S.K.: 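Once you've had a glance at the structure underneath, I'll fire off some questions.
Only this structure's heavy atoms are used, side chains among them; waters, hydrogens and symmetry mates stay out. The shown structure was predicted, so the numbers you read here are calculated from the model rather than taken from an experiment.
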Amino acid sequence: MTKLSPDKLSAEAGVCAADTGKNAPPHPYEKLDRATRAALARATAGVSPHSIMATWMDWALHLGRSPGRQLELTERAARDTAKLWVYASEMATGARAAPPFQPRKQDHRFNAPGWQKAPFSLWQQAFLSAQDWWQAATDEMPGIAPRDAERAQFQVRQALDLVSPSNFPWSNPEIINRTFQTGGRNFMEGAAHFLEDVAHTITQQHEPAPQGYEIGKDIAATPGRVVYRNALFELIQYTPRTKRVQAEPILFVPAWIMKYYVLDLSPENSMVRYLVEQGFTVFMISWVNPTADQADLSLEDYRLNGVIAAIEAIEKIVPGKKIHANGYCLGGTLLAIAAAVMQRDGDDRLASVTLMAAQVDFAEAGELLLFIDDSQVAFVEDLMWLQGYLDRPQMTRTFTTIRAEDLIYARAVRRYFLGEDDLPTDLTVWNNDTTRMPARMHSEYLRGLFLENRLSAGRFSVEGRVVALKDIRVPMFVVGTESDHIAPWRSVYKIRLFTDGDLTFVLTNGGHNGGILSEPGHKHRHYRLGHRPADALYTSPDEWFESAKEKQGSWWPAMVDWIKDRSSGETAPPPMGGKRKGAENLPKAPGSYIHQT
């Protein structure tokens, strides 16, 4: 396979940046420009100033030519102000006043009872009034790019969150009450937490898992063994827990953006352990945490030397049996590409494909699209050109910014003003155990899939030939989650537009991770399930939602039944690692790559 240097992150297989022409003259000072932009990217935490300025220029120019919208906003400001005056007057007279503005559903900053009393209630309402007005001011207008309107709303929300009355000790009743209760000790404890976080931010040292959450002992603890390893991944085979197993094994393809053990957390919520206990032979890909030396790794490497290599290794351990492949998040996107290429090339080693919170079309890819445009992608590419990879904190900032009111400001209030420690959970330990992404692969992913949406548009090619998702003819089991802000369920549902085969779609409550971790016995869980036969007519997501009856409980048993119905029966468990020479010398699960920092 041909490798490209980080200086040549341009075109391969229609995945990277657009071709600028074979005869385009070289730019002799390009490296100087890239180094300058990369230094700026570091200073701005990877956020492109041009994208921000372009967004606000687009908004301001279109608002400036819309006197009707200006008049509407003036009237709205007057109405909101009048509501605040009425509310303040009723509060002053001791009347039981109904607050005119309500926080967003996911905003929990004002839940404390003290926010219902003056003057805190008035400060809260003034803040929510400002949110209400700016939400209207940045709404779509004729002519403005819809993405710019969404970005403007997002950026305003970020700015307002910074000055929320919940962020300051003198305007937050919860902080004031805690200060009286502890005699100010909360500030001393908060200062210690602040210094600890500053030191960690500066050093970027990887913190060990807290007590009770040791990897390999408390989480990622399902027994098994690494049975294959190359430079890109380790393949884990899990020890059988039943005397008989389904003849066809399961292969998990997790996302490379985080470590695999979100699917093998604590014993009680481990999907891997659950499937092993249900009588399946389970294999898991554990991706390497790449360094600058692996900057040239491409999407094609992850397909060919990752997914396909894992299938070939499993074929030697369980010969003559097809494989039920399961892809989660970006791993699902990669699996969909691999499955389409396999069937295009006459490779029938897959028995079924399961995609969990995975997208193949990125036109409506949630709030992550707010960070994706040509300028932003070029900015990230320059940063990766300097480093060789996208680093852990740079990636983490993107996800925390999407839910800044909870993951940034509410956490800061708890730690620095209330003096509370972060209470670890298996999911937060995993969430903090982030990985790097190689420069070339991430550039290809951002440009080819996210920015240019080439896969669903029929412009994504592998080995010189376009990938067609409708080539996938094996049964598919696709899972979306109701409150997913990374892979919105209606975006996940679009797989029905691009495939014609037998497909079962499941919609479960919860978010991108919590909806997938929906083990039997988990409280307050429900799901909807619907089946589309091969070659059936298309049904819109809203029509499907209305027709699919809500069922209480976990969707995991439904997945188990679905896989068993598409298996050939039970057999004796295959030997661990098969008869591969040297497999016995590889480490036990969870392997070594999972510990790379």
Side-chain angles (χ1 to χ4, degrees), residues 45 47 84 87-88 91 99 101-132 134 154-205 207-213 392-393 396-429 431-432 434 485 511:
V47 177
L84 283 176
Y87 181 72
M91 292 287 292
F101 304 101
Q102 298 296 327
R104 297 191 305 160
K105 182 179 179 180
Q106 64 269 33
D107 188 351
H108 305 293
R109 290 173 293 182
F110 305 109
N111 286 357
W115 287 108
Q116 310 307 316
K117 302 176 182 178
F120 308 107
S121 59
L122 187 58
W123 295 340
Q124 174 220 51
Q125 287 297 299
F127 170 77
L128 296 177
S129 171
Q131 271 194 341
D132 175 78
W134 275 105
F154 179 77
Q155 291 169 16
V156 163
R157 198 162 68 241
Q158 297 292 308
L160 288 174
D161 284 343
L162 183 62
V163 297
S164 168
S166 61
N167 294 342
F168 304 101
W170 53 86
S171 57
N172 187 324
E174 194 172 6
I175 299 174
I176 293 173
N177 289 339
R178 182 67 57 86
T179 303
F180 277 115
Q181 291 171 1
T182 65
R185 191 174 64 252
N186 53 308
F187 289 122
M188 296 176 61
E189 294 170 347
H193 292 156
F194 177 76
L195 293 175
E196 177 186 331
D197 289 349
V198 168
H200 175 68
T201 300
I202 294 173
T203 62
Q204 284 301 314
Q205 290 184 342
E207 296 181 346
Q211 186 175 3
Y213 296 94
R392 293 180 294 109
T396 301
R397 276 192 293 265
T398 300
F399 290 103
T400 55
T401 301
I402 291 175
R403 295 178 56 199
E405 71 273 8
D406 184 33
L407 298 181
I408 297 178
Y409 299 111
R411 178 181 181 271
V413 167
R414 290 195 308 271
R415 279 182 66 77
Y416 308 148
F417 295 140
L418 297 178
E420 297 177 356
D421 279 319
D422 287 334
L423 296 178
T425 65
D426 51 9
L427 191 57
T428 57
V429 169
N431 197 56
N432 292 328
T434 53
H485 60 283

S.K.: State the CG-CG distance between Leu160 and Leu128, to the nearest 0.5 angstrom.
M.R.: 10.0 Å
S.K.: Are side-chain heavy atoms of Arg157 and Asp161 found at a separation under 4.5 Å?
M.R.: yes
S.K.: Going by ring-ring contact (aromatic ring centres under 6.0 Å, His included), name the pairs with one or both residues in residues 158-192, residues two or more places apart or in two chains.
M.R.: Phe168-Trp170
S.K.: Please report the interatomic distance NZ(Lys117) to CD(Gln124), rounded to the nearest 0.5 Å.
M.R.: 14.0 Å
S.K.: How about CZ on Phe101, more than 12 heavy atoms from neighbouring residues, nucleotides or ligands closer than 6.0 Å, or not?
M.R.: yes
S.K.: Looking only at non-hydrogen atoms, find the nearest pair between Val413 and Ser166 and report the distance.
M.R.: CG2-O, 3.3 Å
S.K.: Can you find a pair of side-chain heavy atoms, one from Leu427 and one from Asn431, that are under 4.5 Å apart?
M.R.: no
S.K.: Looking at Asn177 and Pro173, would you say the former's side chain and the latter's main chain have a donor-acceptor pair under 3.5 Å?
M.R.: yes
S.K.: Give me the atom names and distance for the closest heavy-atom approach of Pro165 to Ser171.
M.R.: O-OG, 2.6 Å
S.K.: How about Arg415 and Asp197: do any of their side-chain heavy atoms sit closer than 4.5 Å?
M.R.: yes
S.K.: Output all residues satisfying side chain to side chain contact (heavy atoms under 4.5 Å, CB included) with Asp107, sequence neighbours left out; order by chain, then residue number.
M.R.: Pro103, Arg104, Arg109, Phe110, Glu405
S.K.: Once you round to the nearest 0.5 Å, how far does CZ of Arg411 lie from NE2 of His193?
M.R.: 9.5 Å
S.K.: Could you state the interatomic distance from OH (Tyr213) to CG (Asn432), rounded to the nearest 0.5 Å?
M.R.: 12.5 Å
S.K.: Can you give me the closest heavy-atom contact between Met91 and Ser121, atom names plus distance?
M.R.: CE-OG, 3.1 Å
S.K.: What pairs of residues pass the salt bridge (charged side-chain N to carboxylate O under 4.0 Å, His left out) test when at least one of them lies in residues 169-184, not counting sequence neighbours?
M.R.: Arg178-Glu420
S.K.: Closest heavy-atom contact between Ala126 and Leu84?
M.R.: N-CD2, 3.8 Å
S.K.: Apply the side-chain contact (heavy atoms from CB on, under 4.5 Å) test between Asn172 and each candidate in Trp115, Phe417, Phe120; give the one that qualifies.
M.R.: Trp115
S.K.: Looking at Ile175, is its backbone amide N or carbonyl O close enough to the side chain of Thr179 to form a donor-acceptor pair, meaning the two atoms are under 3.5 Å apart?
M.R.: yes
S.K.: Are any side-chain N or O atoms of Tyr87 and backbone N or O atoms of Gln125, one a donor and one an acceptor, separated by less than 3.5 Å?
M.R.: no
